[in-house]
Amino acid sequence: MLRSKIVLFVLFVVITLPARADVWTFETPSENIQCVVGEDVDGSDLTCTIITRTGGPAQPKPSDCQSDWGHTFFMRDHGPIEIMCGPTNQNKDGFDRAEYGVTGEFGGFTCSSTRKGLTCTNRDGHGFFLSRARQDAF
């Protein structure tokens with residue numbers, strides 16, 4: 001009887017615990033592009049920020065955006081990308097390095113770091129290219 005109560009309690013705790021999410025970060029060697037990947041049982045997401053850019057934004061700034069525009073790109077492992085309106089994180093610290101010439105596949109994304117910039121795509125083929133001079137969303 002006591003053993004069955006303990007088993008039921010353990011099952012209750014395991015079932016009610018939140019799903020475990022993995023989060024990791026990487027940046028280009030210039031430290032100008034930084035990305036955060038989140039992966040859990042429901043899918044994955046990727047947020048990349050280009051800290052300094054000289055080119056125009058990948059899409060026109062919406063009239064309701066009263067903050068930085070064209071620096072932060074977000075996507076899930078399926079579906080189109082979003083360009084985020086908000087302050088640009090200027091922190092250049094604590095990220096793993098994605099050396100030039102490296103392509104990584106993780107959480108439903110493929111990202112390639114080259115001297116020309118960073119290209120990331122999701123399972124549906126949506127993605128972005130980021131460099132100091134140019135940003136594209138596709």
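Just the heavy atoms: all of them, side chains too, but no hydrogens, waters or symmetry mates, feed the values below. Positions are given from 1, in the same order as the sequence printed here.
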Looking only at atom types and distance, does a side-chain atom of [X] sit under 3.5 Å from a main-chain N or O of [Y], one as donor and one as acceptor?
{"X": "Asp68", "Y": "Thr88", "value": "yes"}
{"X": "Trp24", "Y": "Asp96", "value": "no"}
{"X": "Asn32", "Y": "Thr52", "value": "yes"}
{"X": "Asp45", "Y": "Phe74", "value": "no"}
{"X": "Arg53", "Y": "Gln135", "value": "no"}
{"X": "Asp40", "Y": "Asp42", "value": "yes"}

Distance-minimising heavy-atom pair for [X] and [Y]:
{"X": "Pro29", "Y": "Ser113", "answer": "CD-OG, 4.0 Å"}
{"X": "Ser30", "Y": "Tyr100", "answer": "N-OH, 3.7 Å"}
{"X": "Asp77", "Y": "Gly108", "answer": "CB-CA, 3.9 Å"}
{"X": "Phe138", "Y": "Ile81", "answer": "O-CG2, 4.5 Å"}
{"X": "Thr54", "Y": "Ala133", "answer": "OG1-CA, 3.5 Å"}

For the atom pair [atom1] ([X]) and [atom2] ([Y]), what is the distance rounded to the nearest 0.5 Å?
{"X": "Ser131", "Y": "Ile50", "atom1": "OG", "atom2": "CD1", "answer": "6.0 Å"}
{"X": "Thr121", "Y": "Glu105", "atom1": "OG1", "atom2": "CD", "answer": "8.5 Å"}
{"X": "Phe129", "Y": "Lys116", "atom1": "CZ", "atom2": "NZ", "answer": "8.0 Å"}
{"X": "Phe73", "Y": "Ile83", "atom1": "CZ", "atom2": "CD1", "answer": "4.0 Å"}
{"X": "Cys48", "Y": "Met84", "atom1": "SG", "atom2": "CE", "answer": "12.5 Å"}
{"X": "Leu130", "Y": "Leu118", "atom1": "CG", "atom2": "CG", "answer": "6.0 Å"}

Open item on the list: Tell me which pairs pass disulfide bond (SG atoms under 2.5 Å apart) where either residue lies in residues 73-103, with sequence neighbours left out.
Closed with: Cys65-Cys85
Task: Within-4.5 Å side-chain heavy-atom neighbours: Val37 and Thr25 - done: no
Open item on the list: Is there a side-chain contact between Phe95 and Glu31 in this structure, where contact means two heavy atoms from C-beta onward sitting under 4.5 Å apart?
Closed with: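 Counting from C-beta outward, Phe95 and Glu31 never come under 4.5 Å.
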Open item on the list: Go through it in stages, so that I can follow the logic: the residues are Glu82 and Arg76, the test is salt bridge (Lys or Arg N to Asp or Glu O under 4.0 Å), and I'd like the CA-CA distance, side-chain angles, deciding distance and then a yes or no.
Closed with: CA-CA 9 Å; Glu82 298 174 44; Arg76 292 184 172 79; 3.7 Å; yes
Open item on the list: Can you confirm whether the thiol sulfurs of Cys111 and Cys35 sit closer than 2.5 Å?
Closed with: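 Their SG atoms do not fall under 2.5 Å; no disulfide, then.
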Task: Working for side-chain contact (heavy atoms from CB on, under 4.5 Å), residues Ile51 and Asn89 - done: CA-CA 7 Å; Ile51 297 169; Asn89 182 357; over 6 Å; no
Task: Under 3.5 Å side-chain donor-acceptor pair for Thr72 and Thr49 - done: yes
TODO: Give me the ring orientation class for Phe106 and Phe26: parallel if the planes are under 30° apart, tilted from 30 to 60°, perpendicular past 60°.
DONE: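 The arrangement is perpendicular - the two ring planes meet at more than 60°.
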Open item on the list: What verdict does the side-chain contact (heavy atoms from CB on, under 4.5 Å) test give for Met75 and Phe109, after you've listed the backbone C-alpha separation in whole Å, the side-chain angles of each residue and the deciding distance to 0.1 Å?
Closed with: CA-CA 9 Å; Met75 69 177 158; Phe109 306 102; 3.6 Å; yes
